Amino acid sequence: MNSEPVSLAHALGSFEDLWSPRIVTAVNDYDVRVAKVEGEHLWHVHDHTDEFFLVLEGELHIALREPAGERTVVLPRGSVFTVPRGTEHKPAAPAGASILLFEPTGTSTVGDRHDEIPSHVDATTGHTLA
């Protein structure tokens, strides 16, 4: 865990990879991750944890498959949204975005169940910030 302040702008400026989060700090047993995203992720489910999103720049769309049907939430800059555990979802950022994620350490970016992983998506539990 980092014992010094972390600039999110500096953290986001330290890498170019899309859909490949960097761990900026930890809170108890949770990672705080930042990621650059553009285009579509993939449909996936986290069976045992909620997933928190904060949009730092740009706009994020999250498609959800819920018991009542499919819908998409649109998150402009400064918005937060939590995808409940067990909810199939697919993030997308048509024009690109920078996001902050809060989830248990060791949580996979592609969840516990998922579609085939496209080459532009990094299946990881987060990378250490350089």
Side-chain angles (χ1 to χ4, degrees):
M1 179 164 44
N2 196 334
S3 63
E4 295 296 325
V6 175
S7 160
L8 295 180
H10 182 265
L12 286 161
S14 71
F15 65 97
E16 293 298 322
D17 302 326
L18 298 175
W19 301 109
S20 183
R22 300 306 193 265
I23 300 167
V24 293
T25 192
V27 179
N28 298 314
D29 297 330
Y30 283 75
D31 288 340
V32 178
R33 305 172 183 180
V34 293
K36 293 179 179 181
V37 298
E38 188 171 349
E40 295 187 346
H41 196 259
L42 71 152
W43 284 104
H44 66 285
V45 175
H46 300 280
D47 289 328
H48 306 290
T49 185
D50 301 334
E51 188 171 20
F52 172 88
F53 293 86
L54 164 63
V55 179
L56 302 170
E57 294 291 336
E59 184 176 88
L60 184 70
H61 301 191
I62 304 175
L64 303 162
R65 289 180 176 155
E66 299 171 310
E70 195 171 301
R71 69 180 176 119
T72 299
V73 295
V74 177
L75 306 174
R77 179 181 179 202
S79 296
V80 298
F81 184 76
T82 300
V83 175
R85 71 191 69 201
T87 301
E88 194 173 11
H89 60 289
K90 180 180 184 179
S98 295
I99 61 175
L100 182 141
L101 303 151
F102 187 72
E103 52 200 351
T105 299
T107 299
S108 170
T109 57
V110 296
D112 300 303
R113 294 177 283 120
H114 53 77
D115 284 350
E116 184 175 335
I117 302 170
S119 61
H120 71 277
V121 171
D122 185 8
T124 180
T125 56
H127 298 283
T128 303
L129 189 61

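Note that this is a predicted model, so its numbers are computed, not measured. Note that the numbering runs from 1 along the sequence shown for the chain.
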For this session: Please identify each residue that fulfils ring pair (Phe, Tyr, Trp, His ring centres under 6.0 Å) with Phe102, with sequence neighbours left out.
Result: Tyr30
Exercise. Have Asp31 and Thr105 got a donor and an acceptor in their side chains that come within less than 3.5 Å?
Worked result: yes
Exercise. Ion pair present between Lys90 and Glu40, side-chain N to carboxylate O less than 4.0 angstrom?
Worked result: yes
For this session: Identify whether Leu100 and Leu129 are in the same connected component of the hydrophobic contact network (ILVMFWY, side-chain heavy atoms under 4.5 Å).
Result: yes
Exercise. Under a 4.5 Å side-chain heavy-atom rule over Ile, Leu, Val, Met, Phe, Trp and Tyr, are Leu56 and Val80 clustered together?
Worked result: yes
Problem set entry | Audit row: Glu59, Arg77, salt bridge (charged side-chain N to carboxylate O under 4.0 Å, His left out) steps and yes/no | CA-CA 6 Å; Glu59 184 176 88; Arg77 179 181 179 202; over 6 Å; no
Non-hydrogen atoms of [X] and [Y] that approach each other most closely:
X	Y	answer
Leu101	Glu51	CD2-OE2, 4.0 Å
Pro21	Thr124	CD-CG2, 4.0 Å
Val6	Ala11	CG1-CB, 4.4 Å
Arg71	Val73	NH1-CG1, 3.3 Å

I'd like to check [X] versus [Y] (side-chain heavy atoms, cut-off strictly below 4.5 Å). Are they in contact?
X	Y	answer
Leu64	Phe81	yes
Ile23	Thr25	no
Val34	Leu8	yes
Leu42	Val121	yes
Leu60	Val37	yes
Pro91	His61	no
His44	His89	yes
Phe53	Val83	yes

Problem set entry | N/O donor-acceptor pair under 3.5 Å between Trp19 side chain and Glu38 backbone | yes
For this session: For Asp29, enumerate each residue passing the salt bridge (charged side-chain N to carboxylate O under 4.0 Å, His left out) test, keeping only those at least two apart in sequence or located in another chain.
Result: none
Seminar exercise, completed: Rounded to the nearest 0.5 angstrom, the CZ-OG distance for Arg33 and Ser20 is 10.5 Å
For this session: Determine, stepwise, if the pair Arg22 / Asp17 fulfils side chain to side chain contact (heavy atoms under 4.5 Å, CB included).
Result: CA-CA 10 Å; Arg22 300 306 193 265; Asp17 302 326; 3.0 Å; yes
Checking [X] now: which residues fulfil side-chain contact (heavy atoms from CB on, under 4.5 Å) with it, not counting sequence neighbours?
X	result
Thr49	His46, Pro104, Thr107
Lys36	Leu12, Phe15, Glu16, Leu18, Ser98
Ala9	Ser7
Ser79	Leu75, Pro76

Exercise. Between Val27 and Val32, does a side chain to side chain contact (heavy atoms under 4.5 Å, CB included) hold up when you go through it step by step?
Worked result: CA-CA 7 Å; Val27 179; Val32 178; 4.0 Å; yes
Exercise. Taking everything shown except Arg65 itself, do over 12 heavy atoms lie less than 6.0 Å from its CZ?
Worked result: yes
